[in-house]
Number of protein chains: 2
Amino acid sequence: MKFSTRSRYGLRAILDIAINGKDKPASINAIAERQDISEKYLEQLMPKLKRAGFIESVRGTYGGYVLAKSPEDISVGEVLRVLEGPLAPVRCIVEKEDKRCGRWNKCVTKFIWAEIKDKIEEAVDSITLKTLVEIYKKKDAEKGYMYYI
Amino acid sequence: MKFSTRSRYGLRAILDIAINGKDKPASINAIAERQDISEKYLEQLMPKLKRAGFIESVRGTYGGYVLAKSPEDISVGEVLRVLEGPLAPVRCIVEKEDKRCGRWNKCVTKFIWAEIKDKIEEAVDSITLKTLVEIYKKKDAEKGYMYYI
DNA sequence: TAAAATCCTACTAAAAAAATAGGAATTACG
DNA sequence: CGTAATTCCTATTTTTTTAGTAGGATTTTA
């Protein structure tokens with residue numbers, strides 16, 4: 001019941017872009033260095049975020065990534081779903097009828113799984129990148145040192 | 001971000017014991033058959049539930065497992081924690097200070113992880129085996145067929 | 001034309017999860 | 001007493017998933 005590094009890295013990467021990619025695009029190289037993530041691994045996450053419409057890429061020298069929407073229009077939930085798949089604690093509650101297991105109709109535990117899913121979504125869908133950037137800036141000012149992500 | 005089969009099987013097993021282990025102990029063999037779980041795999045989960053004080057074992061012929069507490073005193077959350085470990089979506093938020101990563105002090109994403117953890121716990125700690133058994137019985141009566149778990 | 005970047009996709013390594021295996025100890029019952 | 005049914009213990013293997021690495025093609029700026 002853990003998020004993979006894929007999700008953790010990906011979320012930090014897009015937050016990094018939200019913060020550092022405003023004037024000029026943020027390159028994989030720069031993000032990887034700031035976030036201490038393997039460059040090549042990060043490189044594989046970016047297309048997911050791009051295809052989902054969160055970021056745009058700029059190729060060539062001085063290229064990199066910028067947000068494709070404003071931070072308040074990107075929720076943490078959306079990002080995590082793209083990186084991790086549906087935020088359900090078990091597969092069956094998000095699968096189509098024909099792929100459910102034979103005990104579905106008679107299953108009691110499914111009610112718990114569904115409730116957990118709802119709660120998780122409550123948490124992640126109510127917070128956007130904007131909120132996180134604001135926390136970042138506030139802490140930054142308070143403490144007088146660069147805040148990472 | 002999925003529960004392992006360990007957790008799913010284990011929860012179903014203890015529910016099975018709550019329902020079927022009232023008159024006589026429920027044996028691994030019988031639970032495995034009802035729940036369609038590998039007997040040998042299940043065998044490895046039971047000691048965890050036993051050590052945690054949820055069930056008691058009866059050895060020998062006609063042996064098996066019975067609940068060690070009443071169902072209303074066993075929450076789903078407790079059971080899942082025993083089987084799965086802390087219900088945190090990332091490790092760092094439940095680790096001791098000295099095991100945290102170097103960016104802890106400056107981390108923004110930790111606030112989300114903590115919130116997700118709280119929400120998950122809200123869901124699982126508020127429901128006990130008693131509730132699930134009641135759902136089971138209600139459905140059972142309604143529909144006129146044995147309900148599994 | 002050279003350097004810095006994204007893009008694409010295949011491969012490998014490591015870790016975790018799931019399942020299997022086999023025998024020791026305990027107990028009820030004929 | 002002996003046998004069958006059971007828990008108990010722990011090691012091994014298999015499978016799946018995750019994480020990381022590699023290398024070259026394409027694009028763009030200066």
Side-chain angles (χ1 to χ4, degrees), chain A residues 1-14 16-17 20-21 24-52 54-68 80 83-85 89-91 101, chain B residues 1-14 16-17 20-21 24-33 35-52 54-68 80 83-86 89-91 101:
Chain A
M1 201 45 183
K2 296 274 179 284
F3 281 112
S4 58
T5 64
R6 196 166 60 252
S7 298
R8 294 186 283 114
Y9 289 179
L11 183 58
R12 273 160 60 198
I14 199 172
D16 188 292
I17 295 167
N20 299 300
K24 51 175 189 339
S27 72
I28 287 181
N29 177 271
I31 300 171
E33 182 143 3
R34 277 191 294 265
Q35 298 300 326
D36 193 23
I37 296 173
S38 147
E39 209 173 316
K40 277 297 198 178
Y41 191 44
L42 189 55
E43 195 181 313
Q44 294 172 66
L45 306 184
M46 305 314 276
K48 291 180 198 287
L49 298 173
K50 189 182 169 185
R51 259 182 276 121
F54 300 138
I55 57 176
E56 275 167 7
S57 64
V58 181
R59 299 186 70 172
T61 309
Y62 300 113
Y65 297 92
V66 294
L67 288 192
L80 290 177
L83 295 165
E84 192 80 18
V90 298
R91 202 155 298 174
C101 84
Chain B
M1 198 50 181
K2 297 274 179 283
F3 281 111
S4 59
T5 64
R6 195 165 63 248
S7 296
R8 293 186 284 115
Y9 289 180
L11 183 58
R12 273 159 60 197
I14 199 172
D16 189 292
I17 294 166
N20 301 112
K24 50 174 190 340
S27 73
I28 286 181
N29 178 271
I31 300 171
E33 182 142 2
Q35 299 300 326
D36 191 26
I37 294 172
S38 148
E39 210 173 316
K40 277 298 198 179
Y41 191 45
L42 188 54
E43 197 180 313
Q44 295 171 68
L45 306 185
M46 306 314 276
K48 291 180 198 285
L49 298 173
K50 188 180 169 188
R51 260 181 277 120
F54 300 136
I55 58 178
E56 274 167 8
S57 64
V58 182
R59 300 186 69 170
T61 310
Y62 299 111
Y65 297 91
V66 294
L67 288 192
L80 290 177
L83 296 164
E84 191 79 20
V90 298
R91 199 155 299 172
C101 83

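A, B, ... follow the sequence lines: proteins, then strands. Residue 1 opens every chain.
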Q. How close or far is atom P of C:dA17 from atom CZ of B:Arg8, stated in whole angstroms?
A. 13 Å
Q: Let me know, please, whether B:Lys50 or A:Thr5 comes out on the 5' side of the other along DNA chain D by nearest nucleotide.
A: B:Lys50
**Q.** Shortest non-hydrogen contact between A:Ala32 and A:Glu39, atoms and distance
**A.** CB-CA, 3.8 Å
**Q.** Rounded interatomic separation in angstrom, taking CD1 from B:Ile37 and C1' from C:dT20
**A.** 16 Å
Q.
Is any side-chain heavy atom of A:Arg6 closer than 4.5 Å to one of A:Gln44?
A. no
Q: Please examine the side chains of B:Glu56 and B:Lys50, heavy atoms only from C-beta on, and report whether any two atoms are closer than 4.5 Å.
A: no
Q: Answer yes or no: is there a side-chain heavy-atom contact under 4.5 Å between B:Phe54 and B:Leu67?
A: no
Q: Indicate, with a heavy-atom threshold strictly under 4.0 Å, whether A:Tyr9 touches base, sugar-phosphate, or nothing.
A: sugar-phosphate
Q.
At a heavy-atom distance below 4.0 Å, what parts of residues 40-49 of chain B sit against DNA chain D?
A. B:Glu43, B:Gln44
Q | Gap between atoms NZ and P, on A:Lys2 and C:dA15 respectively (whole Å) | A | 18 Å
Q: Taking the side chain as every heavy atom from C-beta outward, state whether A:Ile17 and A:Asn20 have any pair of such atoms under 4.5 Å apart.
A: no
Q: Just jot down the salt bridge (Lys or Arg N to Asp or Glu O under 4.0 Å) partners of A:Lys24, sequence neighbours excluded, or say none.
A: none
Q. So do the side chains of B:Ser4 and B:Glu84 get within less than 4.5 Å of each other, counting heavy atoms only?
A. yes
Q: Using ring-ring contact (aromatic ring centres under 6.0 Å, His included) as the criterion, list what pairs up with A:Tyr62, not counting sequence neighbours.
A: none
Q.
On DNA chain C, compare the nucleotides closest to B:Glu84 and A:Gly63; which residue's is nearer the 5' end?
A. A:Gly63
Q | Closest non-hydrogen atom pair between A:Val58 and A:Pro25, with its separation | A | CG2-CG, 3.9 Å
Q: Could you tell me from which nucleotide to which nucleotide of DNA chain D, 5' to 3', there is an atom under 4.0 Å from chain B heavy atoms?
A: D:dA4 to D:dA11
Q: For residues B:Leu83 and B:Ser7, report the shortest heavy-atom separation together with the two atoms involved.
A: CD1-O, 3.8 Å
**Q.** A:Met1 vs A:Asn29, nearer the 5' end of DNA chain C by closest nucleotide
**A.** A:Asn29
Check: protein-nucleotides 25-30 of chain C nitrogen or oxygen pairs below 3.5 Å:
| from | atom 1 | to | atom 2 | distance (Å) |
| --- | --- | --- | --- | --- |
| C:dA25 | N3 | B:Arg59 | NH2 | 3.1 |
| C:dT27 | O2 | B:Thr61 | N | 3.4 |
| C:dT27 | O2 | B:Thr61 | OG1 | 3.2 |

Q | All side-chain hydrogen bond (donor to acceptor under 3.5 Å, both in side chains) counterparts of A:Ser27, not counting sequence neighbours | A | none
